[in-house]
Novice: 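Can you keep this structure in mind? I'll have questions shortly.
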Amino acid sequence: MSKNLVIVESPAKAKTIEKFLGKDFTVKSCFGHIRDLAKGDDAIDVKGNFKPNYEVSDDKKAIVAELKKLSKDADLVWLASDEDREGEAISWHLSEVLNLDEKKTRRIVFHEITKPAILKAIDNPRGIDKNLVDAQQARRVLDRLVGFELSPVLWKKVKGNLSAGRVQSVAVRLIVDREREINNFNYSSAFRVIARFNVGGKQMEAELGKRFETEAEAKAFLEKCVGANFTIKNLEVKPSEKSPAPPFTTSTLQQEASRKMGYGVSITMSIAQKLYENGLITYMRTDSVNLSELAIASAQNYISSNFGEKYSRPMRYTTKNDSAQEAHEAIRPTYFENVEIEGTPQEKRLYDLIYKRAIASQMAKAQIEKTIATIAIDGVTEQLVATGEVLKFDGFLKVYLESTDDDQEDEGSKMLPPLAVGEQLVLNQIQATERFTRPAPRYTEASLVKRLEELGIGRPSTYAPTISTIQKRGYVVKEDREGKERNFVQLTLEKQVISREDRTEKFASEKSKLFPSDIGMIVTDFLSKHFEQIMDFNFTASVEEEFDKIARGQLVWNKMIEKFYGPFHATVTNTSENAERQNAERTIGIDPETGKTVYVKVGRYGPFAQIGDNSDDEALKPKYASLRAGQLTETITLEEALDLFKLPRVVGNFEGKDIKAAIGRFGPYLMHDSKFISIPKTDDVFAIEFDRAVELIEGKRISDANKLLKTFEEDAEVKILNGRWGPYIAKGRDNYRLPKTTKVEELTYEVVAKIIEAEAKPASKKTAAKKVVAAKTPAKKTAAKKTAAKKVKK
DNA sequence: CAGTGAGCGAGCTTCCGCTTGACTT
């Protein structure tokens, strides 16, 4: 039996450290927190100094039992959880739950998983910092109180299954605020003037220093340019340099993977997790840009021998973020010698990104020479400016360049042809183009994470889960949206003639952006009205200051909570008793056909439009229609609302049965002979004609025939179908998995019947009911599925 | 998904931060 037991948070870390420490040390992982507040409402004794009631979570019972046994047999137990608030608490919970003797317990910390760092830590043990633990308890208790008191208010005043919290509610608010900013944005336009010259066979572009507000002004300017001389008046050469970005933190990795590869934050994190588990990168949930001495030295070595000495620039980065706890290194490859790795294409791409970012961070600045040419126009005061860039030394640009969120109007750095002051230029054309101002862009998952990090809200381990939560609750949807068209004017001066063209462009099209839903807006407004403090962007920052005081021993944690909870709880009670129910009802106009009032509001099944008032008289009952995806009660127009009542629409009669066109949850569809056929985006559900509808129905029949792989005489209900994940069994509305090795041609009914029997689903109504319950309690759902899967294996 | 929207009342939901798997119809 080993004399020393070291406990770390992550199993991958445990494996690495065990190698450094030799045979006298056993290194085990506790898999994060082992204990948490009890699930129910008795978790915090609000009348008894907020005493927390902790429980070992079910999924941690086994590991706790194992650690208990190992710690009993060990001479010394080394608590090596991370050096931050949460890590300190993990060590404290371990010492409590494992009942560790203080005399044989050591607390150690390291910020990097390198041999010298570990050995140094072992040489410098300390005790558990109870103040830091108390700061964590305050954080935990505050979050529980806020979340579990606010959420029930929403169930009462808005609808069930909603949630609120210190982090998620502010995240939703950011998106709601941005949406309104965009909806209220005043687009204005101005004419941007670009001249194109022919210089020694090459094209050169120059822009006018000012924009014209009206077409008339732009035209007047072009008229002055007819027959004018264009002369280089001044040439200015300015050296400049560009520095590499620091190596990745969780947040910057999520941003770059989103910008460069289009990955959502959860995808990025799960790929990074794989890389970490395979020992290829350092820990992926970090807020630090720091690199270990070893890493810097090895990067320097790699750069010098592969690119040359002058490309190396060893650099220590420091984070600017106050809320950073820096328990780990920045994200970097474990070995810079691993230029390429084995793995899935996604793993390779993400690794490549991490690798290049880390190596570039240790490389020299790029040297750039900027040339600015000023061009004078005869008889005109305004001047044209042409800029060009020459890369004198590429430096870090040899491997990596960071992307930006806003690269829609990408200027592109161009070289200028050789020019001389006084030189007369040959004009090809001058164009004055109407350009519009743009509102701030909608958030992507990653840019929302960036904003949250700036506000100090949330932690690297919770960014991705928070983004998922606000989508799961229906506050926010991630979507693509078609752009709208608008007209703009372009004036062109060419060959001394001015011409005018009306052109159209698409704008405001969005890809994978976050949009608020009606519920997201209702909840945000409700919380902002009644719980201003929680919705304040600075709330987290201000409580963090208090947590820091607790950590420094200047404040007692439950006193701090008490001061917050008193007024907060009073507001909760007051709101719960007195606030009105929120349904976002809005009158949007009068139906011209019936003269009745048209409303929109949010009901049990989501937002809908209503024509006419509620009435007991059957004949006068109002008409209802659900809003379409992407429509908001806040912004829908009367015309759009009335359109909703034009469906379902009978398109015609085919094979003795009506074809109906309507819009469902998954978009526009046709229904014929009780079968559904999706209407593609290229067709308009309001206008689709009979012939086209029949074409779609027949197309669907052909693809259905291909989907059907096999049927059985014994049971017409049972079919083998070809699905997204390959062939599967369908019986009625239930589906069953086929073993991966199955050869469909050889499949007999007997085998199929056995698989169905083994999974033995209850009658379909009960399944439906069960599914609803299961979906609400994810823990139970997985448990149930596990047992089902095991049964199949037997 | 498949055209629902009254009102009542049961019993359910919910937080943030540490960790990984399990597994997709």
Side-chain angles (χ1 to χ4, degrees), chain A residues 8-13 29-37 39-41 43 57 59-60 63 81-82 84-87 89-90 93 136 139-155 159-169 270 273 276-277 285 327 457-463 465-466 469 473 540 583 599 601-610 614 616 621-626 647-648 660 662-667 669 671 674-676 678 721-730 733-738 772-773 775-777 782-783 785-786 789:
Chain A
V8 297
E9 292 182 37
S10 148
K13 206 192 254 187
S29 148
C30 66
F31 296 83
H33 276 296
I34 52 158
R35 240 182 13 168
D36 190 17
L37 291 174
K39 282 200 185 80
D41 290 333
S57 357
D59 53 338
K60 296 292 164 61
I63 184 72
S81 50
D82 298 345
D84 57 17
R85 201 160 63 202
E86 299 296 327
I90 289 174
H93 282 299
Q136 193 274 346
R139 198 280 304 156
R140 181 69 192 92
V141 166
L142 178 106
D143 281 338
R144 168 60 69 85
L145 289 171
V146 170
F148 275 38
E149 296 220 358
L150 283 188
S151 299
V153 180
L154 295 181
W155 305 339
K159 70 172 201 178
N161 297 314
L162 297 178
S163 64
R166 175 177 57 83
V167 173
Q168 59 168 284
S169 297
S270 66
Q273 175 87 30
Y276 168 66
E277 282 168 13
R285 288 184 278 264
I457 299 171
R459 302 280 313 132
S461 68
T462 58
Y463 294 139
T466 300
T469 300
R473 298 271 176 273
T540 292
N583 64 7
Y599 304 95
K601 61 179 172 181
V602 178
R604 275 190 291 168
Y605 312 109
F608 66 98
Q610 175 181 340
N614 292 333
D616 291 336
K621 273 213 157 178
K623 285 203 290 179
Y624 302 105
S626 291
L647 297 173
K660 268 195 287 183
I663 294 170
R665 183 143 131 48
F666 301 143
Y669 66 87
M671 183 148 94
S674 50
K675 283 195 187 76
F676 288 85
S678 295
L721 301 179
N722 197 11
R724 254 206 291 176
W725 288 281
Y728 67 96
I729 306 168
R733 299 190 74 154
D734 289 331
N735 297 311
Y736 302 87
R737 270 188 294 163
L738 276 172
V772 173
V773 174
K776 284 176 186 168
T777 51
T782 35
K785 286 206 171 163
K786 249 189 231 169

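Below, chain A is the first sequence line, B the second, and so on; all start at residue 1.
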Novice: Regarding Asp82(A), tell me which of base, sugar-phosphate or nothing describes its non-hydrogen contacts under 4.0 Å with the strands shown.
Specialist: sugar-phosphate
Novice: For a quick check of understanding: with a heavy-atom distance under 4.0 Å over all strands, which category does Val146(A) fall into, base, sugar-phosphate or nothing?
Specialist: nothing
Novice: Can you tell which of Leu37(A), Asp41(A), Asp143(A) makes a side-chain contact (heavy atoms from CB on, under 4.5 Å) with Phe148(A)?
Specialist: Asp41(A)
Novice: With the side chain of Asn161(A) defined as its heavy atoms from C-beta on, choose the nearest nucleotide among dT20(B), dT13(B), dG5(B).
Specialist: dT13(B)
Novice: Output yes when a side-chain donor or acceptor of Ser29(A) lies under 3.5 Å from a complementary backbone atom of Glu9(A), and no otherwise.
Specialist: yes
Novice: Check whether any side-chain N or O of Arg144(A) sits under 4.0 Å from OP1 or OP2 of dG17(B), and answer yes or no.
Specialist: no
Novice: Counting only side-chain nitrogens and oxygens, does Ser163(A) get under 4.0 Å of the OP1 or OP2 atom of dT14(B)?
Specialist: no
Novice: Nearest 0.5 angstrom please: Arg140(A) CZ to Asp36(A) CG, how far?
Specialist: 4.0 Å
Novice: Looking at every strand, decide which applies to Gly32(A) at a 4.0 Å heavy-atom threshold: base, sugar-phosphate, or nothing.
Specialist: base
Novice: Between Lys39(A) (NZ) and dT14(B) (P), how many Å, whole number?
Specialist: 12 Å
Novice: Mind checking if Ser10(A) touches a base, just sugar-phosphate, or nothing, with heavy atoms under 4.0 Å?
Specialist: sugar-phosphate
Novice: Below 4.0 angstrom from OP1 or OP2 of dC18(B), is there any side-chain N or O of Arg140(A)?
Specialist: no
Novice: Counting N and O atoms only, with roles assigned by atom type, does the side chain of Thr466(A) sit under 3.5 Å from a partner on the main chain of Thr462(A), one being a donor and the other an acceptor?
Specialist: yes
Novice: So, Phe148(A) and dT14(B): ring centres less than 5.5 Å apart, planes less than 30° off, yes or no?
Specialist: yes
Novice: Using the six-membered ring for Trp and the full ring for Phe, Tyr or His, decide whether Trp155(A) stacks on the six-membered base ring of dT14(B) (centres under 5.5 Å, planes under 30°).
Specialist: no
Novice: Within the structure, does a side-chain N or O atom of Ser461(A) lie under 4.0 Å from either OP1 or OP2 of dC18(B)?
Specialist: yes
Novice: Taking only side-chain nitrogens and oxygens of Gln610(A), does any of them come within less than 4.0 Å of OP1 or OP2 of dG5(B)?
Specialist: no
Novice: Is the phosphate of dA6(B) approached by Arg604(A) (side-chain N or O, under 4.0 Å from OP1 or OP2)?
Specialist: yes
Novice: Quick check for you: among dC18(B), dT19(B), dG5(B), whose closest atom lies nearest to any side-chain atom of Glu86(A)?
Specialist: dC18(B)
Novice: Base, sugar-phosphate alone, or nothing: which one does Ala164(A) contact when heavy atoms must sit under 4.0 Å apart?
Specialist: sugar-phosphate
Novice: Are Phe608(A) and dG5(B) stacked, counting the six-membered base ring, centres under 5.5 Å, planes under 30°?
Specialist: yes
Novice: Given that Asp41(A) and Ser29(A) both sit by DNA chain B, which one's nearest nucleotide is further toward the 5' end?
Specialist: Asp41(A)
Novice: Quick check on dC16(B): is either OP1 or OP2 less than 4.0 Å from any side-chain nitrogen or oxygen of Gln168(A)?
Specialist: yes
Novice: Rounded to the Å, how far apart are Ile90(A) CD1 and dC16(B) P?
Specialist: 18 Å
Novice: Is any side-chain N of the basic residue among Asp82(A) and Lys13(A) closer than 4.0 Å to the acidic one's carboxylate O?
Specialist: yes
Novice: Is there a donor N/O on one and an acceptor N/O on the other, under 3.5 Å, for the side chain of Arg285(A) and the base of dC18(B)?
Specialist: no
Novice: Measure NZ/Lys60(A) against P/dT20(B) and give the value in whole Å, please.
Specialist: 10 Å
Novice: Take atom NE2 of His93(A) and atom P of dC18(B), then tell me their distance rounded to the nearest Å.
Specialist: 13 Å
Novice: Of the listed nucleotides (dC15(B), dG3(B), dG17(B)), which one gets closest to any side-chain atom of Tyr669(A)?
Specialist: dG3(B)
Novice: At 4.0 Å (heavy atoms only), tell me whether Ser270(A) reaches a base, stays on the sugar-phosphate, or touches nothing.
Specialist: nothing
Novice: Pick base, sugar-phosphate or nothing for Gly40(A), based on heavy-atom distances below 4.0 Å to the nucleic acid.
Specialist: nothing
Novice: Please give, in whole Å, the distance from dT13(B) P to Arg473(A) CZ?
Specialist: 11 Å
Novice: Using a cut-off of 4.0 Å on non-hydrogen atoms, how would the nucleic acid contact of Pro465(A) be classed: base, sugar-phosphate, or nothing?
Specialist: nothing
Novice: Would Phe608(A) and Lys601(A) count as a side-chain contact (heavy atoms from CB on, under 4.5 Å) if you check the C-alpha gap in whole Å, the side-chain angles of each, and the deciding distance to 0.1 Å?
Specialist: CA-CA 6 Å; Phe608(A) 66 98; Lys601(A) 61 179 172 181; 3.7 Å; yes
Novice: Pick base, sugar-phosphate or nothing for Gly87(A), based on heavy-atom distances below 4.0 Å to the nucleic acid.
Specialist: nothing
Novice: Does a side chain donor of either Ser461(A) or Arg285(A) reach within less than 3.5 Å of an acceptor in the other side chain?
Specialist: no
Novice: Looking at the side chain of Ser151(A), which of dC15(B), dG17(B), dT4(B) is the nearest nucleotide?
Specialist: dC15(B)
Novice: What pair of heavy atoms forms the shortest contact from Cys30(A) to Lys60(A), and how long is it?
Specialist: O-CD, 4.0 Å
Novice: Between dG21(B) atom C1' and Tyr276(A) atom OH, what is the distance in whole Å?
Specialist: 15 Å
Novice: Under 4.0 Å between a side-chain N or O of Arg459(A) and OP1 or OP2 of dC18(B)?
Specialist: yes
Novice: Pick the closest DNA chain B nucleotide for Glu277(A) and for Glu9(A) by heavy atoms, then say which residue is nearer the 5' end.
Specialist: Glu9(A)
Novice: Starting at CG of Asp59(A) and ending at C1' of dG17(B), how long is that distance when rounded to a whole Å?
Specialist: 14 Å
Novice: If I take atom CG in residue Asn583(A) and atom P in nucleotide dA6(B), what distance separates them, rounded to the nearest angstrom?
Specialist: 11 Å
Novice: For a quick check of understanding: with a heavy-atom distance under 4.0 Å over all strands, which category does Tyr463(A) fall into, base, sugar-phosphate or nothing?
Specialist: nothing
